[in-house]
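Inspection log for the structure reproduced underneath, given as structure tokens.
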Amino acid sequence: MTANSSRGACVSSDQQSGETNSSGTPERKPIVPQSASEALRPEPGTPPPAPKRRSRRARSQIVVFANFMLSLVVLVVLAAAAVVYFGKVEFNEPGPNDVTTNYVVKSGSGIIEIADGLERRGIISDARIFKYGVQAYGHQGNMKAGEYEIKAHASMREIMDLLRSGKSVLHSLTIPEGLTVEQIFQRISEDDVLTGNLPTIMPKEGSLFANTMRFSRGTTREELVKKMQADQKKLVEDIWERRDPSVPLKTIEEFVTLASIVEKETGKADERPRVASVFINRLNKRMRLQSDPTILYGLFGGKGRPADRAILKSDIEKPTPYNTYTINGLPPGPIANPGRDALEAVAHPSQTKDLYFVADGTGGHVFAATLEEHNENVKRWREVEKNRLDEAAKAATGDENAVPVEGGVAN
């Protein structure tokens, strides 16, 4: 094949196919010769369709919505920040209450109940702010039951800190030394801050702590009694452990019994060790104790002698398990609840030879080692006091047989 024929074969399809004329007959175009490289070059394919252009209206709706949502988020954030800021300000600023107020948080109260109660009492301005503020600090579970003294104009934060601290108001009940268990129970039952009933079984005489008891509102009477028992047990055991070994008492029960007699014989703490020495000396000599308070306990028990009842001559001789005028040694148990001073006096009595004492008319006593000295002391005391006490006893009882309680140890 010649070169011309080769070039003749290398023609494009476009050149080979012609366009049709109006009559339908193909119109032939002249054949344009191509080089070999041109003939072998690939023809361009059909280009992809051009993407459709989004309308301006559609673009405008998306932008508007996006802007709206962004603005809404910003507004919400700003509003939340404003609420937090003003809430924090109110949480920390002085409260509306003009006077110091006691507020009781009941056991088991939740933060909502506490907040609502504070708002009702006018102690805080807004229960919701208090609730959310406490929750923000993470203290909603730390509120302690009790009665709290909330100062005037205390802020919500100060109130929160107070309720968390548990530093509630403490009330007091004074139990004098020398009362019986029955008399102590009467005082406890009359206290209107305590709640609940007294124990159904009355504790043993001498087993209750005589002191000023402090407790928060809502404390039960049974809880207080248990605490008094525990405190007295510890006190007695501590003093008994370091007692003078020469004291002729075999058991801790005997120790409490003698301390209760010393407690009832004198109200002066400084002379209790000497009163204790009289009874210790009598026990060592196997003499009867002859203590007037034991007569009264044997007659009236834990109720105590009525205020208008004088001691009679016949009472001294009336035999009871507690009357130390008629029995030897100690009575079968305490006649009252002794305090620390009386217990210490028996554990560490004065070293004397005294066997007697009698009231001196001033609240104290005079002591004697012999019966003769004692009788002289009694005579002097009676010269001053006899008429006054006799008249008082007769007026109280109308009984010509009535005699005043002298106090001390007879012959």
Side-chain angles (χ1 to χ4, degrees), residues 176-178 205-206 210 232 235-298 316 322-382 405-411:
E177 299 165 335
E205 198 70 81
Q232 183 74 344
L235 175 65
V236 169
E237 289 177 350
D238 288 346
I239 297 175
W240 172 253
E241 285 297 321
R242 49 185 176 79
R243 71 191 182 280
D244 184 337
S246 67
V247 173
L249 300 172
K250 298 178 181 179
T251 67
I252 199 168
E253 289 76 17
E254 290 182 347
F255 170 58
V256 176
T257 298
L258 183 54
S260 72
I261 295 174
V262 172
E263 185 70 71
K264 295 297 290 184
E265 283 285 5
T266 179
K268 298 183 69 174
D270 60 346
E271 72 174 19
R272 283 182 181 135
R274 194 166 183 181
V275 170
S277 75
V278 170
F279 292 121
I280 294 294
N281 292 338
R282 281 186 163 243
L283 287 173
N284 285 329
K285 290 180 176 291
R286 298 184 182 278
M287 296 174 65
R288 288 180 176 173
L289 299 184
Q290 296 184 318
S291 170
D292 291 344
T294 63
I295 299 174
L296 300 176
Y297 193 86
I316 297 175
Y322 287 88
N323 186 353
T324 54
Y325 281 83
T326 61
I327 66 170
N328 297 321
L330 292 164
I335 62 172
N337 291 274
R340 178 185 293 275
D341 290 339
L343 291 164
E344 290 281 8
V346 173
H348 304 281
S350 299
Q351 300 301 311
T352 73
K353 294 182 179 180
D354 296 330
L355 293 172
Y356 309 90
F357 61 90
V358 67
D360 62 5
T362 65
H365 295 83
V366 288
F367 297 82
T370 66
L371 181 58
E372 291 75 19
E373 291 178 296
H374 176 63
N375 287 337
E376 287 297 320
N377 292 335
V378 171
K379 182 180 179 180
R380 284 193 295 270
W381 176 76
R382 282 181 174 170
V405 178
E406 298 174 356
V409 174
N411 58 350

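- We find the CD-CG distance between E253 and L330 to be 11.5 Å, quoted to the nearest 0.5 Å.
- Remark: R286 CZ is loosely packed, at most 12 non-hydrogen atoms of other residues, nucleotides or ligands lying under 6.0 Å away.
- Judged purely by atom type and a 3.5 angstrom limit, T294 uses its side chain to pair as donor or acceptor with the backbone of T324.
- With hydrogens and angles disregarded, a donor-acceptor distance shorter than 3.5 Å links the side chain of R282 to the backbone of L355.
- Under the 3.5 Å distance criterion, the side-chain polar atoms of S350 are left unmatched by any main-chain donor or acceptor of T352.
- A donor-acceptor pair is defined here as one N or O able to donate and one able to accept, closer than 3.5 Å; such a pair exists between the side chain of N323 and the backbone of I316.
- Counting heavy-atom neighbours within 6.0 Å of K379 NZ, excluding the residue itself, gives a total of 12 or less.
- Minimum interatomic distance between F367 and V278 (heavy atoms only, all atoms of both residues): CD2-CG2, 3.9 Å.
- For the atom pair F357 CZ and S291 OG, the distance stands at 6.5 Å (nearest 0.5 Å).
- Residue S260 is tested with P293, P331, P334 for a side chain to side chain contact (heavy atoms under 4.5 Å, CB included); the sole match is P334.
- Taken from NZ in K264 to CG in D292, the straight-line distance is 12.0 Å, to the nearest 0.5 Å.
- Going from atom CG of L283 over to atom CG of L289 covers 5.0 Å, rounded to the nearest 0.5 Å.
- In this structure, H365 contributes its side chain and Y356 its backbone to no donor-acceptor pair below 3.5 Å.
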Let's go through F255 and R243 carefully: what are the C-alpha distance in whole Å and the side-chain angles of both, what is the deciding distance for side-chain contact (heavy atoms from CB on, under 4.5 Å) to 0.1 Å, and is it a yes or a no? CA-CA 10 Å; F255 170 58; R243 71 191 182 280; 5.6 Å; no

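- Here the side chain of E344 pairs no donor or acceptor atom with the backbone of R340 at under 3.5 angstrom.
- Side chain of E177 to main chain of A336: no donor-acceptor pair is present (N/O by atom type, distance under 3.5 Å, no hydrogens or angles).
- When atom types are taken as modelled, the side chain of E263 and the backbone of N337 share no donor-acceptor pair closer than 3.5 angstrom.
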